[in-house]
2 protein chains.
Amino acid sequence: MVKAQIDHKDITSSLEDYLETIFELVRDRKVARVRDIAEARQVKASSVTPAMRRLSRMGLIKYERREFIELTAEGEKLARRVYSRHQILERFFQNFLGLNSSEARENACAMEHSLTNEAMERFVRLFEFLRGCPAGKELLQTFLHCSEVQGATRECAFDRALKQQSKRKREHSTISLFDLKPGKKGRVIQINAKGSMRRRMLDLGILPDTIIEIERIAPSGDPVWIKLGGFQLSLRKREAESVLLTTV
Amino acid sequence: MVKAQIDHKDITSSLEDYLETIFELVRDRKVARVRDIAEARQVKASSVTPAMRRLSRMGLIKYERREFIELTAEGEKLARRVYSRHQILERFFQNFLGLNSSEARENACAMEHSLTNEAMERFVRLFEFLRGCPAGKELLQTFLHCSEVQGATRECAFDRALKQQSKRKREHSTISLFDLKPGKKGRVIQINAKGSMRRRMLDLGILPDTIIEIERIAPSGDPVWIKLGGFQLSLRKREAESVLLTTV
DNA sequence: AAGTATTTTTAGACATGACTAACAAATCGG
DNA sequence: CCGATTTGTTAGTCATGTCTAAAAATACTT
Ligand SMILES: [Mn+2]
Ligand SMILES: [Mn+2]
Ligand SMILES: [Mn+2]
Ligand SMILES: [Mn+2]
């Protein structure tokens with residue numbers, strides 16, 4: 001017997017989103033129509049029709065021209081899989097990383113399609129840990145507190161703890177990138193900047209754990225030439241001062 | 001003056017990957033050729049040429065037929081931005097969630113294109129917390145330990161802690177889904193299953209924090225009908241027994 | 001320098017996934 | 001029941017992003 005269906009193993013993100021949308025519509029309104037799908041996905045109805053044909057040929061939906069659309073057993077399985085990934089990612093972004101709900105959803109809905117089985121598994125373990133383990137709950141609280149305070153003063157509980165600790169253990173002390181000697185390397189611990197300056201530095205690749213080497217500092221102290229991941233880069237004095245690192 | 005360039009604000013994932021590849025090639029081999037780009041991205045050389053034309057029209061690379069390819073200032077900025085996201089995501093998946101390096105890279109390289117500024121910011125804060133805060137370091141250790149042990153016996157430090165705790169505080173005790181009374185609801189804490197059975201349940205939407213209601217249990221105890229997020233679902237007895245939840 | 005090998009481009013094809021405009025069918029209100 | 005409105009489909013267009021096959025340009029070898 002010839003297999004007329006197209007393999008749905010390599011389904012596209014777009015089609016997965018259609019499946020997810022149909023899944024939610026059926027759940028909330030009992031039935032999925034072209035119009036509602038178009039509205040939910042923010043596309044024109046004339047884009048939905050060919051997508052439905054493709055899904056139908058893959059055996060993922062039951063679709064007859066001008067009739068209500070339903071998921072097949074196979075389609076529902078796939079829709080649930082995507083939806084499940086969406087859920088855990090959205091919760092991760094919202095409850096763990098602290099994004100607002102619309103941005104959490106935006107990130108989740110983009111990533112749900114590519115998350116591997118094993119990555120999914122690890123997100124689940126993270127939540128099992130956070131929910132089941134007293135230490136996990138505490139971790140989340142501490143992190144959320146630090147994370148929130150950061151936007152404001154950047155002086156939070158763990159900063160103070162670090163300072164106190166550094167008085168005892170000298171080798172663990174942090175130093176600003178600007179104070180690092182030329183030729184020496186450091187590992188970034190914290191980027192003590194705000195707003196667009198912070199974002200610019202992150203986009204340049206100045207991240208926690210990054211190894212940075214001072215190349216040279218202009219006589220006036222500005223700019224500061226650094227080496228980072230095989231490339232040279234120049235920073236303003238203010239920017240260099242805001243990077244806290246440990247020497248390595 | 002007419003602007004001949006195309007806006008690169010809405011650049012595609014594919015073109016971002018080309019930029020990132022060029023960035024890495026220039027870093028590692030001083031120069032980027034069509035052949036190397038094709039090899040690195042696992043596409044045919046004849047797919048690279050039109051991509052280079054598009055990037056060139058957007059003003060992101062310097063490209064003349066049959067010559068070496070370079071990033072413009074604008075292109076390098078964008079490439080670094082993507083690369084920076086790739087780095088932090090890869091580290092997150094590898095060092096925090098514990099994926100092996102190739103799977104960490106796979107997930108990171110898919111997600112780097114859609115990560116919003118604010119989501120990026122939160123990943124950075126997470127690492128600042130983990131690296132800078134003694135509590136962060138300690139708790140990461142605890143999580144990694146629990147996470148690893150899980151695959152094997154599912155009886156790790158935090159399980160034991162929970163059990164001891166539950167003797168004192170009765171309301172916090174966990175119960176298996178199978179032991180929940182019909183009509184009652186519970187919040188999932190842990191899915192105590194392994195391998196494909198576990199994956200199947202995750203794909204069905206049985207995740208930590210999910211609210212599940214028992215609909216009814218067949219007289220023989222199998223299957224168990226449950227309600228989850230507005231849908232009915234049936235589980236095998238073994239599956240229901242493996243779900244640990246708190247009553248709500 | 002000629003011949004060979006490698007690299008790059010072109011030409012042509014195809015699937016996806018969106019759009020607009022026009023048409024067709026179904027539904028609703030009176 | 002009929003005209004108006006809503007809903008859905010078709011036709012035609014376009015950009016993206018891949019491919020194969022063939023041609024053209026460049027580089028290497030003897
Ligand atoms: Mn999506
Ligand atoms: Mn989604
Ligand atoms: Mn990528
Ligand atoms: Mn990447």
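In what follows, chains carry the letters A, B, and so on, assigned in the order in which the sequence lines appear, proteins first and then strands, with residues in each chain numbered from 1.
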Can you measure [X] atom [atom1] to [N] atom [atom2] for me and round it to whole angstrom units?
{"X": "A/Glu67", "N": "C/dT27", "atom1": "CD", "atom2": "C1'", "value": "15 Å"}
{"X": "B/Phe68", "N": "C/dT8", "atom1": "CZ", "atom2": "C1'", "value": "13 Å"}
{"X": "A/Arg54", "N": "C/dC14", "atom1": "CZ", "atom2": "P", "value": "17 Å"}
{"X": "B/Arg41", "N": "D/dT18", "atom1": "CZ", "atom2": "P", "value": "5 Å"}
{"X": "B/Glu39", "N": "C/dT6", "atom1": "CD", "atom2": "C1'", "value": "14 Å"}
{"X": "A/Ile11", "N": "C/dA15", "atom1": "CD1", "atom2": "P", "value": "17 Å"}
{"X": "B/Leu15", "N": "D/dA15", "atom1": "CG", "atom2": "C1'", "value": "11 Å"}
{"X": "A/Arg57", "N": "C/dA15", "atom1": "CZ", "atom2": "P", "value": "9 Å"}

For a quick test of reading the model: is some side-chain N or O of [X] closer than 4.0 Å to OP1 or OP2 of [N]?
{"X": "A/Arg35", "N": "D/dG8", "answer": "no"}
{"X": "B/Arg65", "N": "C/dT10", "answer": "yes"}
{"X": "B/Ser14", "N": "D/dT16", "answer": "no"}
{"X": "B/Ser47", "N": "D/dG17", "answer": "no"}
{"X": "A/Tyr63", "N": "D/dG8", "answer": "no"}
{"X": "A/Arg53", "N": "C/dA15", "answer": "no"}

Select one nucleotide: of [options], the one nearest the side-chain heavy atoms of [X].
{"X": "A/Lys44", "options": "C/dG17, D/dT9, C/dC19", "result": "C/dC19"}
{"X": "B/Arg66", "options": "D/dT10, D/dA25, D/dT7", "result": "D/dA25"}
{"X": "A/Tyr18", "options": "C/dG17, C/dT8, C/dA18", "result": "C/dA18"}
{"X": "B/Thr12", "options": "C/dC19, C/dT8, D/dG17", "result": "D/dG17"}

Shortest non-hydrogen contact from A/Ala108 toward A/Glu90: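 Minimum heavy-atom contact is CB-N, 3.4 Å.
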
Of A/Gln42 and B/Val34, the one whose closest nucleotide on DNA chain C sits nearer the 5' end is B/Val34

Do the two ring centres, one from A/Phe96 and one from A/Phe127, sit under 6.0 Å apart? no

Row check, [Y] ring normal vs [X] NZ/CZ: under 6.0 Å, within 45°:
{"X": "A/Arg41", "Y": "A/Tyr18", "answer": "yes"}
{"X": "B/Arg33", "Y": "B/Phe68", "answer": "no"}
{"X": "B/Arg54", "Y": "B/Tyr63", "answer": "no"}

State plainly whether the residues B/Glu20 and B/Arg105 are in salt-bridge range, i.e. N to O under 4.0 Å. no

Let's test your reading of the model: under 3.5 Å, does the base of D/dT18 pair with the side chain of B/Ser46 as donor and acceptor? no

With a 3.5 Å cut-off and just heavy-atom distances, do the side chain of B/Thr49 and the base of C/dT10 make a donor-acceptor pair? no

